[in-house]
J.: 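Below are the structure tokens for one structure; questions will follow.
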There are 2 protein chains.
Amino acid sequence: MPETARLSGNRYGNRPTMKDVAARAGVGLKTVSRVVNGEPGVTPETERRVQEAIEALGFRRNDSARVLRKGRTASIGLVLEDLADPFYGPLSRAVEEVARAHGALLINGSSAEDPDREQELALALCARRVDGLVVIPAGDDHRYLEPEIKAGVATVFVDRPAGKIDADCVLSDNYGGARDGVAHLVAHGHRRIGFIGDMPRIHTAAERLRGYRAALEDAGIPVADAWMSLGVTTPERVRRAAEEMLSGPEPVTAIFTGNNRVTVTVIRVLAEHARRVALVGFDDIELADLLQPGVTVVAQDAAALGRTAAERLFRQLDGSLVVPERIELPTRLITRGSGELPPAD
Amino acid sequence: MPETARLSGNRYGNRPTMKDVAARAGVGLKTVSRVVNGEPGVTPETERRVQEAIEALGFRRNDSARVLRKGRTASIGLVLEDLADPFYGPLSRAVEEVARAHGALLINGSSAEDPDREQELALALCARRVDGLVVIPAGDDHRYLEPEIKAGVATVFVDRPAGKIDADCVLSDNYGGARDGVAHLVAHGHRRIGFIGDMPRIHTAAERLRGYRAALEDAGIPVADAWMSLGVTTPERVRRAAEEMLSGPEPVTAIFTGNNRVTVTVIRVLAEHARRVALVGFDDIELADLLQPGVTVVAQDAAALGRTAAERLFRQLDGSLVVPERIELPTRLITRGSGELPPAD
DNA sequence: CCCGCCCGTGACAACGTTGTCCAGGCTCTA
DNA sequence: TAGAGCCTGGACAACGTTGTCACGGGCGGG
């Protein structure tokens, strides 16, 4: 029985296809296609019959097949570090909104800060033939994307620049922001200012460190190694680093923290600490205004990063963009109290 | 020139296909397929030639085409309310991790709490032939998914139950959690307790309200309408609602807030308020322990919700799951100070 | 009244992949 | 040495859709 053979195909649920709809409506395959896509050239009567068959069978167009034929998938990929991080939520949402405005869906994946996983994800997305790729780099070598980009996959890097290839980047002004933040502490009389941040291997961390150094240099303050703690990631290590800076013969009177996770941990340490220590953090954190004192931060606009990147991506797809560019978005110093505390010694 | 004609197909970037690789390697099409998929039956020498051609051309298998042939897309869809909400970030991440463990990618979309948009998104995902769908409902009628489910799309609802269809649901114990939270306030001597939450149209809001009523009833406290504010969503309206409850001849001495957004706004209002008012909030919020006083909350485990739902989804796909079930995960009361304040009158 | 044009419709190929099946050449054994 | 069996490799169809083209009938104009 060939009928049964066809029905027991490889699809689990055996969805009806245009062929089935056509058979039921007693029309040709292409006519169904026309109705489904709202193309002109179908009599109202024929259209009604087709619609009826569609209803009855519960037909839904298979976009996978459509995509195969048309060449564009109307979907874009987003590779980020961790969707659960409050910084990436708004970014991701902003990318999604732009995609939606262009009729595209968003596929996203978390690299967990692992370069191999970033590559695996990005290439998997390319295999799905996403039209474009927004990448928040975990690694620093993106040559693996060269064939893809050459093949027409629009690509924009966000938050951190691409490594070893020439591509569009949308970044925050990490250097300037950190410099401003630290200068703010200097302006309030601090001379011994600590820095706790990520590994300088990560571009943003390196830039913020550079800003920190520049601000101290501007003020003619020599930088002590004991004030800097780089590459600490776990809360325990951040805690230890902070406590070390705050003890000893020449403790710091202020701390500049390199990202939101570090900031939160340092707030906890300072809350238990007797002496009042000033704090400025990179990245805004929720409820920062309600703490005692409010937390002064250098805020990035995560949504703007995502939006800008996605818009650029679609302009690449339009063909209206050719030359890769590096865009830097400004940061904003938000004073809330913790950064305005005077030195406690 | 047929060569050129073929090359100027509909694809923008004209990626090489297995046919191109086969031609270059001087082998048959299927042999390339075998190499790409690691199937046995290819001499090392032939395999080397094929690999070489793949390298040279920058070939990458087109998974869209593969999917069309195989019937499974190895991707699942997640429809949530807002990726930028700190509650959904971890949930989404948890779903992604489970998907990854099963070799699937995650496509997600935000409904913005709009039922029409939820439907549009869910159906778009079905058109892409996702293998399964995790939905955080915005609407309360999901009959539109019936044909899809019948056709074999695995479906799990999270956070809120499905409307008007019988399907798997993974929920928090909203009723029990709210009841415990309010009972906690009662136990600390409060008799006039306010409730600020979402529209009861939303299942979670209704359940939490029910828990609130039950706790008061348990304590023999009659519920006053003036204590309840339902359907307030914007910060301004939350603020107004809170201020109304706190003024008048018989002001509330404690407030129970129905979700994290409301909680945050109410914290702001209370911070400006002279009298000490107790507060218990549904949903945990970051830094809640660092505020003065710490914020007592009824915490849900967003990651566990996502993980449980996704695991159930894949068990549906395995075929090891047949009967729809409703799973309720427990909540946890975390006492931090604000819920233990005594009545201030 | 007849020719030509336009409109609605359908047959067919193609998108890039994988499953089926068969052919040819090799080795091993009787 | 011949036959059987195995192993490698390739031709072909199919997945569900859309673009191309051709066909037939109705209508308007000459």
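The chains referred to below are lettered A, B, ... by the order of the sequence lines, with proteins before strands, and numbering in each begins at 1.
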J.: Looking only at side-chain N and O atoms, does B:D131 offer a donor or acceptor that is under 3.5 Å from a partner on B:T73?
T.: yes
J.: State which residue, out of A:V95, A:V98, A:V170, fulfils the side-chain contact (heavy atoms from CB on, under 4.5 Å) condition with A:E311.
T.: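 Running side-chain contact (heavy atoms from CB on, under 4.5 Å) over A:V95, A:V98, A:V170 with A:E311 returns exactly one hit, A:V98.
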J.: Starting at CZ of B:R72 and ending at C1' of C:dT18, how long is that distance when rounded to a whole Å?
T.: 17 Å
J.: Rounded off to whole Å, could you give me the NZ-to-P distance for the A:K30 and C:dA13 pair?
T.: 15 Å
J.: Within this structure, what is the CZ-to-P distance between B:R48 and D:dT8, rounded to whole angstrom?
T.: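 About 17 Å, once rounded to whole Å.
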J.: Answer yes or no: does a side-chain N or O of A:S33 lie under 4.0 Å from OP1 or OP2 of D:dT17?
T.: no
J.: Can you tell me which nucleotide in C:dG8, D:dT17, C:dT17 comes closest to the side chain of B:L29?
T.: C:dT17
J.: Scan B:V42 against the nucleic acid and name what it touches under 4.0 Å (heavy atoms): base, sugar-phosphate only, or nothing.
T.: sugar-phosphate
J.: Nearest-Å distance, CD (B:E45) to C1' (D:dG9)?
T.: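 It is 14 Å, rounded to the nearest whole Å.
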J.: Heavy atoms only, 4.0 Å cut-off, all strands: where does B:N37 land among base, sugar-phosphate and nothing?
T.: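 Since only primed, P, OP1 and OP2 atoms lie under 4.0 Å of B:N37, the category is sugar-phosphate.
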J.: Would one find a side-chain N or O of A:T31 under 4.0 angstrom from OP1 or OP2 of C:dG10?
T.: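 The answer is yes; a side-chain N or O of A:T31 sits under 4.0 Å from OP1 or OP2.
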J.: May I have the step-by-step check of side chain to side chain contact (heavy atoms under 4.5 Å, CB included) for B:R15 and A:R129, ending in yes or no?
T.: CA-CA 10 Å; B:R15 305 204 59 141; A:R129 293 294 187 271; 3.5 Å; yes
J.: Provide, to the nearest angstrom, the distance between the CD atom belonging to B:E39 and the C1' atom belonging to D:dG9.
T.: 13 Å
J.: Name the closest nucleotide to the B:R69 side chain, picking from D:dG10, D:dA13, C:dA14.
T.: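 Looking only at heavy atoms from C-beta outward on B:R69, the closest nucleotide is D:dA13.
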J.: Per the side-chain contact (heavy atoms from CB on, under 4.5 Å) rule, which among A:S110, A:P137, A:S111 passes with A:L80?
T.: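 So, applying the side-chain contact (heavy atoms from CB on, under 4.5 Å) to A:L80 and each of A:S110, A:P137, A:S111, only A:S110 qualifies.
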J.: NA contact type, A:V27, heavy-atom cut-off 4.0 Å: base, sugar-phosphate, or nothing?
T.: sugar-phosphate
J.: Rounding to a whole Å, what distance do you find between A:D63:CG and D:dC15:P?
T.: 19 Å
J.: What nucleotide among C:dG16, D:dT18, C:dT17 has an atom nearest to a side-chain atom of B:M18?
T.: C:dT17
J.: Measure from CG on A:L68 to P on D:dC15 and round the result to the nearest Å.
T.: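 Nearest whole value for this atom pair: 14 Å.
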J.: Which sits closer to the 5' end of DNA chain D, B:A65 or B:R34, going by the nucleotide each is nearest to?
T.: B:R34
J.: A:K70 has an atom NZ; how far is it from atom C1' of D:dG19, in whole Å?
T.: 9 Å
J.: Is the closest side-chain heavy-atom distance between B:I54 and B:V36 below 4.5 Å?
T.: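 Contact flag for B:I54/B:V36 side chains = yes.
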J.: Across the strands shown, which category fits B:T46 at heavy-atom distances under 4.0 angstrom: base, sugar-phosphate, nothing?
T.: sugar-phosphate
J.: When you compare the side chains of B:R128 and A:N62, does any donor N or O come within less than 3.5 Å of an acceptor on the partner?
T.: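 Side chains of B:R128 and A:N62: no pair found under 3.5 Å.
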J.: Choosing from C:dT17, C:dT9, D:dT17, which nucleotide comes nearest the side chain of A:N62?
T.: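 Closest nucleotide to the A:N62 side chain: D:dT17.
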J.: Suppose we call a contact any N or O donor and acceptor under 3.5 Å apart; does that hold for the side chain of A:K19 and the base of D:dG16?
T.: no
J.: Assign each of A:G28 and B:R66 to its nearest nucleotide of DNA chain C by heavy atoms, then name whichever residue's nucleotide is nearer the 5' end.
T.: A:G28
